[in-house]
Protein chains: 2
Amino acid sequence: MIGGMGAGSRGGGGRGSVTPTAAGTVVVLVGEWITEGRLAPGDKVSETWVAAESGVSRNTVREAFRLLEHDGLLVHEPNRGAFVPQVTPLDVRDIYRVRRVLEPAVVRGLTELDVPRMQALTAAVDAARSAAARQDWPHAGSANMRFHRSLVALAGSVRLDATMRRLMAELRLVFAVVEHPAELFGPFVERNARIADLLLSGRFLEAATALETYLADSEDAILTAFSRQELTA
Amino acid sequence: MIGGMGAGSRGGGGRGSVTPTAAGTVVVLVGEWITEGRLAPGDKVSETWVAAESGVSRNTVREAFRLLEHDGLLVHEPNRGAFVPQVTPLDVRDIYRVRRVLEPAVVRGLTELDVPRMQALTAAVDAARSAAARQDWPHAGSANMRFHRSLVALAGSVRLDATMRRLMAELRLVFAVVEHPAELFGPFVERNARIADLLLSGRFLEAATALETYLADSEDAILTAFSRQELTA
DNA sequence: CTGGACGGATCGTTGAACAATCACTACTGT
DNA sequence: ACAGTAGTGATTGTTCAACGATCCGTCCAG
């Protein structure tokens, strides 16, 4: 038994389900602190502090840090400590460059209707719709990412999935900064729905081009929201 | 000071240079054990054993294991231990699927002659040539991977670079099994040289298509060598 | 004002210890 | 003889306390 704990397993949120281990608990915990803004970009995250805060040993915290590093949620500078990455517009462009390579290629490579797997797409679209209706932009953003991860999952490649997972984790970092404005997710929910429809009707090439313009516009939206944010800061 | 050590820094080989830290030392050490065949696919790698063998604390070994896991050189089963991944033909296909998406996309996306960066390509080709002349297939394989990593590096994307690094680490795992026959690298050295020439003369589209057939043939070569290996095993 | 010595804080790493879990063996009951 | 179970040993997961190494900011001397 550890310290007070109290948090316990979260079940719903994370996909990986590494929670039975203490290091895994710290991973989701610190992950939430980062994406929820308690830890701001550029902040140093002290091992001792996290150890005290989460009630686990410093050594276990170190292990958790390696995992978070793995997902790009933490950067490690030797002998200096772990920091919440300072995401720059350049990073956004880099992330989207990879997305523009990966996602359309996956869609263009599809040959048959994998209906069961595609249901994840419509589920994500539905979730995004209802979240958007509630003006719940954080959840709309999560549903959005779930959509695109499910889209890449259609390729059935574990390595592509892993890459996409990391990209989305880094994107979440961006959203933690830009105050989730409606313009960032609102206009894109229906465009995802359109892409899902195209996929479900087997019109893969049309879906791919729709996806390409989607990504270009999404990148622009984030970039402008980003620069607006930087001015006020 | 640690234990006997003796190995020390290697300097030349790895690019990452994480060697000043003890965990980093263990990473390159165990990495070599794996790629050099001392650790076979499917083997369990005990924490205590590595700790004794490398002269560092078990806790440090655990950290090193997380890093190796990160590169796909180790898989971790909770409460059971770390294992050298058993690479299947399915993994090879998956790795090459990603390569076929990534590498041609990078080349096609090039717009200008980045001569200084392209010198890494010719350097890798030269190294591969001389290694092949010596029948030194392990080094020829390394130079081969260096070539393709340098090729992806032309895009100037840190995330693409990281992805490619992981892919090559996993490929090394394959080569550790198939006994580096000449047919695996020999025919491909000159094809890389051809691609490098096309790139240096700015004929990016031709380079991309050459790269595509290269990757298809390379995958086939590995796959056949692989199945031949499985029959004898 | 420049520069080097000092100190505090944090990281890097160790070693020992104990609980939890797994794999394997030996025993029991039918 | 054999299935199921309890026991046993080994390995992992995690904690704790400690110490050297390194970095950063401060203070003092020139």
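Chain letters run A, B, ... following the sequence lines, proteins first, then strands; residues in each count from 1.
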(request) Would you please indicate yes or no on a ring centroid separation below 6.0 angstrom for B:Phe147 and B:Phe188? (result) no
(request) Measure the distance from NZ on B:Lys44 to P on D:dA10 and round it to the nearest whole Å. (result) 12 Å
(message) Between B:Arg66 and A:Glu69, does any side-chain N to carboxylate O distance fall below 4.0 Å?
(response) no
(message) In whole Å, I'd like the distance from the CZ atom of A:Phe83 to the P atom of D:dC23.
(response) 12 Å
(request) Between A:Asn59 and A:Pro78, name the one whose nearest nucleotide on DNA chain D is closer to the 5' end. (result) A:Asn59
(request) For D:dT11, take OP1 and OP2 only and decide whether either is under 4.0 Å from a side-chain N or O of B:Arg80. (result) no
(message) Contact between A:Arg166 and A:His70 at the side-chain level, heavy atoms closer than 4.5 Å - yes or no?
(response) yes
(message) What is the separation between atom CD on A:Glu69 and atom C1' on C:dC11, rounded to the nearest whole Å?
(response) 14 Å
(message) Is any side-chain heavy atom of B:Glu103 closer than 4.5 Å to one of B:Val152?
(response) yes
(request) Choose from D:dC23, C:dG12, D:dG13 the nucleotide whose nearest atom is closest to any side-chain atom of B:Asn79. (result) D:dG13
(message) Starting the side chain at C-beta, find the nucleotide from C:dC11, D:dT14, D:dT12 nearest to B:Thr48.
(response) D:dT12
(message) Below the 4.0 Å mark, does D:dG13 have OP1 or OP2 next to a side-chain nitrogen or oxygen of B:His76?
(response) yes
(request) Could you please name the option among C:dT14, D:dG13, C:dG12 that lies closest to any side-chain atom of A:Arg66? (result) C:dG12
(request) Please check the phosphate of C:dG12 (OP1 and OP2 only) for any side-chain N or O of B:Thr60 closer than 4.0 Å. (result) no
(request) May I have the distance from B:Leu67 (atom CG) to C:dG12 (atom C1'), rounded to whole angstrom? (result) 14 Å
(request) For A:Glu47 and D:dA21, give me the distance from atom CD to atom P, rounded to whole Å. (result) 18 Å
(message) So for B:Arg58 and D:dT14, does any side-chain atom that can act as donor or acceptor lie under 3.5 Å from a complementary atom in the base?
(response) yes
(request) Specify the separation, in whole Å, of atom CD of A:Glu77 and atom P of C:dC11. (result) 12 Å
(message) Between the side chains of B:Glu219 and B:Arg99, is the shortest nitrogen-to-carboxylate-oxygen separation below 4.0 Å, so that they form an ion pair?
(response) no
(message) Whole angstroms only, please: what is the CZ-P distance between A:Arg62 and D:dT14?
(response) 16 Å
